[in-house]
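What follows is a set of notes on a single structure, which appears directly below.
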Amino acid sequence: MGLSDNLKGVILAVASSAFIGSSFILKKKGLKRGGASGIRAGVGGYTYLLEPLWWAGMITMIMGEIANFVAYIYAPAVLVTPLGALSIIVSACLAHFLLNERIQKMGIVGCVSCIVGSVVIVIHAPQEHTPSSVQDIWTLATQPAFLVYVVATLSAVLALVLHFEPHYGQTNILVYLGICSLMGSLTVVSQVVSIKAIGIAIKLTLDGMSQIAYPQTWFFLTVAVICVITQLIYLNKALDTFNATLVSPVYYVMFTTLTIIASVIMFKDWSGQNAGSIASEICGFITVLSGTIILHVTREQEPPPPPEP
């Protein structure tokens, strides 16, 4: 008897978290080596591109993103996305042993809280109304409410890039990860919309109903590529500037928050749920946020980077 689609999605999501959690550590080590021999990524340098370890981390992240991509084809976003919390545990454990970024006892509690909250969200997640074609997703993506969300997201990204990054980028982790996660919310137009659209396009094309001719397919693919590239640039800056055991959970929480918001706006997930299920999801999400705050408060401080010559 074959595996159900949801189970396939869960297995792929878990594998994705393992790859992505590992990639944080490999890229961090590569960024450190690159910064030691040239201009740091945190201040605009690209010497890390010459480091094999950074490329190993990049390849590992790509493998994780591919697994995540396929997971979204088989399972709903509200099931796949919270499982990203496992990447926090992977990166925190590896950072403890490989980067000497020690996990405090309360930090372990924070990691457990992230996992517990994610489990609660998964258990009470609403059933997703899966679109049957790229045209259906285009209709959902052009709803007035979702267009307002996209405009607000792009405005926030521009404000962070043009105003906040020059003044606070090196001291406040929320600047780089805010840009990264907001663009990830247009990769939530990727994860919930674009990736779903591309996934459906691939699935239907393989079933003999080609979606290649539709311009919407190429539009969604372009959005996904632009968002992923922007995410990678600012994720590198965050990793080069801040502790990896902090970057991973904060990025996860911000990305998950925006995924849930986008999913609720676009698919109206909560419209068919009772108040108890909605309250349970919110409590699960608050538990994840609490775990992240604990990790932030108890983290071991990152040594200040050497001044640029």
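What's counted below: heavy atoms across the whole structure, side chains too, no hydrogens, waters or symmetry copies. We're numbering straight along the sequence, starting at 1.
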Look up atom [atom1] in [X] and atom [atom2] in [Y], then write down how far apart they are to the nearest 0.5 Å.
X: S23; Y: L94; atom1: OG; atom2: CG; result: 10.0 Å
X: W55; Y: L50; atom1: CH2; atom2: CG; result: 9.5 Å
X: L26; Y: F19; atom1: CG; atom2: CZ; result: 11.5 Å
X: I108; Y: C93; atom1: CD1; atom2: SG; result: 8.0 Å

Does any non-hydrogen side-chain atom of [Y] lie less than 4.5 Å from one of [X]?
X: L158; Y: L154; result: no
X: M63; Y: I66; result: no
X: L174; Y: F164; result: no
X: V120; Y: C283; result: no
X: L177; Y: Y234; result: no

Of all heavy-atom pairs between [X] and [Y], which one has the smallest distance, and what is that distance?
X: T241; Y: Q170; answer: CG2-O, 3.6 Å
X: I294; Y: M106; answer: CG2-O, 2.9 Å
X: C114; Y: G291; answer: SG-C, 4.0 Å
X: L160; Y: G178; answer: CD1-C, 3.8 Å
X: S91; Y: F24; answer: CB-CB, 4.3 Å
X: S16; Y: N68; answer: OG-CB, 3.3 Å

Testing K29, K27, K32, M58 for side-chain contact (heavy atoms from CB on, under 4.5 Å) with L53, which one passes?
-> K29
Is there a path from I233 to V161 through hydrophobic residues (I, L, V, M, F, W, Y) whose side chains come within less than 4.5 Å of each other?
-> yes
Within one Ile-Leu-Val-Met-Phe-Trp-Tyr cluster: I59 and I229, side-chain cutoff 4.5 Å |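 In one cluster with I59: I229, no.
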Report the relative orientation of the aromatic rings in H163 and Y168; use parallel for angles under 30°, tilted for 30 to 60°, perpendicular for over 60°.
-> perpendicular
